[in-house]
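As the structure lists them, so they are numbered: ligands from 1, and atoms in each ligand from 1. Since this is a predicted model, take the numbers as computed values, not measurements.
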Amino acid sequence: MINSVSEMQKICSGIKGTIGFVPTMGYLHEGHLSLVRAARKQCSNVVVSIFVNPYQFSPNEDLALYPRNIDRDVKLLTELEVDFIFFPTEQEMYPEGYKTWVTVDKITQILCGRSRPTHFRGVITIVTKLMNIVDPDYMFMGEKDFQQLVVLQQMAKDLNFRTKIIGCPIVREEDGLAMSSRNKYLSPSARKDALCLHNSLLLSKKLFKQEIISSNKIIAEMSNLIENNNGIVDYIEVVDSQTLKHLAELRTGCRILVAVIIENTRLIDNMEM
Ligand code: AMP
């Protein structure tokens with residue numbers, strides 16, 4: 001396990017062969033591990049970072065409560081034969097006097113950016129820093145955070161990073177709930193209600209197969225299902241998968257993205273049509 005930026009940078013610059021990188025906030029579950037396996041399969045060296053990035057949480061969010069278990073994480077990553085675990089402190093990533101932020105226009109102000117206005121600035125900044133430290137050939141990210149994936153691909157393209165960012169499929173619990181560290185916050189009854197995210201997406205797919213293509217109509221049906229299961233809709237949007245532009249009508253290959261508050265926990269999910 002490496003804690004220092006300069007040491008991680010030195011190691012990575014001396015690595016022979018390809019580097020696959022998986023950035024995480026730890027408290028690993030099968031979703032994270034699927035990214036590590038994809039990296040292991042494709043690259044000769046695998047680096048995983050664990051850093052709960054304070055700047056992607058807003059003041060009213062759950063930074064202090066965010067679940068952590070570094071010993072278990074290290075054990076899981078060792079079993080998957082990860083070469084290096086980068087586990088820096090906050091002081092190491094943001095030393096006193098830190099002043100630089102990376103942002104991406106427009107696509108960070110929609111969807112999750114609307115209710116979390118400073119979130120993507122935090123995410124883009126930390127991932128830019130990590131990419132500069134590790135300089136990976138490939139970076140593996142989950143489609144679970146679909147907007148994040150598109151935003152970071154845009155950043156990497158605009159800032160001329162050589163790294164290829166690979167999106168990996170969403171890993172779900174047996175009953176369909178997308179795996180997330182935040183699922184831990186759900187009470188047993190809320191855990192059942194939380195199935196409404198996936199179920200609403202399955203419903204949208206079913207309606208699309210019946211040739212219903214009006215986004216408004218599909219969103220209305222999904223909202224009903226979610227509200228009937230005690231969910232509060234933050235957003236449901238039909239978007240183009242590449243640009244995240246709103247679509248008035250569904251078409252093959254588009255994505256539906258949802259964010260729903262269950263109890264006090266905000267959960268996200270999405271599905272390709
Ligand atoms: P996090 O630790 O929440 O920052 O997530 C680290 C990476 O794991 C991100 O690229 C996420 O998109 C990905 N990830 C989280 N949950 C899942 C999941 N259920 N399936 C696939 N990837 C996931």
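Looking only at distances, no side-chain donor or acceptor of Thr108 sits under 3.5 Å from a matching main-chain atom of Gly113. In this structure, the side chain of Thr18 engages the main chain of Ser44 through a donor-acceptor pair within 3.5 Å. The backbone N or O of Leu177 sits nowhere less than 3.5 Å from a side-chain atom of His198 that would complete a donor-acceptor pair. Gln42 places no side-chain N or O within 3.5 Å of a backbone atom of Ala39 that could act as its donor or acceptor partner.
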Sequence neighbours excluded and cut-off under 3.5 Å, please list the side-chain donor-acceptor pairs for residues 244-252, or say none.
| from | atom 1 | to | atom 2 | distance (Å) |
| --- | --- | --- | --- | --- |
| His246 | ND1 | Glu237 | OE1 | 3.3 |
| Arg251 | NH2 | Asp240 | OD2 | 2.7 |

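Annotation: atom 10 (O) of ligand 1 to nearest protein heavy atom, Gly142 N, 3.0 Å. When hydrogens are left out, the protein atom nearest atom 12 (O) of ligand 1 is Asp145 OD2, 2.6 Å; that is the closest non-hydrogen contact. Regarding atom 20 (N) of ligand 1, its nearest protein heavy-atom neighbour is Val171 N, 2.9 Å. Protein heavy atom closest to atom 13 (C) of ligand 1, with residue, atom name and distance, is Leu35 CD1, 3.6 Å. Residue, atom and distance of the protein heavy atom nearest to atom 21 (C) of ligand 1 are Pro169 O, 3.5 Å.
Contacts between Leu149 and ligand 1, counted as non-hydrogen atom pairs separated by less than 4.0 Å, are absent for every part of the residue. Contacts between Ser180 and ligand 1 below 4.0 angstrom, taking non-hydrogen atoms only, are absent altogether. Counting heavy atoms closer than 4.0 Å to ligand 1, residue His29 contributes side-chain atoms (C-beta onward) but none from N, CA, C or O.
For Glu81, the CD atom sits in a loose shell: 12 or fewer heavy atoms of surrounding residues, nucleotides or ligands are nearer than 6.0 Å.
In this structure, Met1 shares a hydrophobic cluster with Val22, Leu28, Leu33, Leu35, Val36, Val46, Val48, Ile50, Ile70, Val74, Leu76, Leu77, Leu80, Val82, Ile85, Phe87, Tyr138, Phe140, Ile166, the cluster being traced through Ile, Leu, Val, Met, Phe, Trp and Tyr side chains under 4.5 angstrom apart.
Taking every heavy atom of Pro23 and a limit of under 4.0 angstrom, the matching atoms of ligand 1 come to 6 (C), 7 (C). Short contacts between ligand 1 and Ile170, defined as distances under 4.0 Å to a heavy atom of the residue, involve ligand atoms 20 (N), 21 (C).
Atom 23 (C) of ligand 1 has its nearest heavy-atom neighbour, among Lys144, Gln56, Met179, Glu173, in Lys144. For atom 5 (O) of ligand 1, the candidate residues are Glu143, His32, Met25; the nearest heavy-atom contact is made by His32.
Ring pair Tyr55/Tyr94: centre-to-centre distance below 6.0 Å. The distance between the ring centers of Phe57 and Tyr66 falls below 6.0 angstrom.
Looking at ligand 1, you won't find any N or O of Met141 less than 3.5 Å from one of its N or O atoms. Of the N or O atoms in Ala178, none lie within a sub-3.5 Å distance of an N or O in ligand 1.
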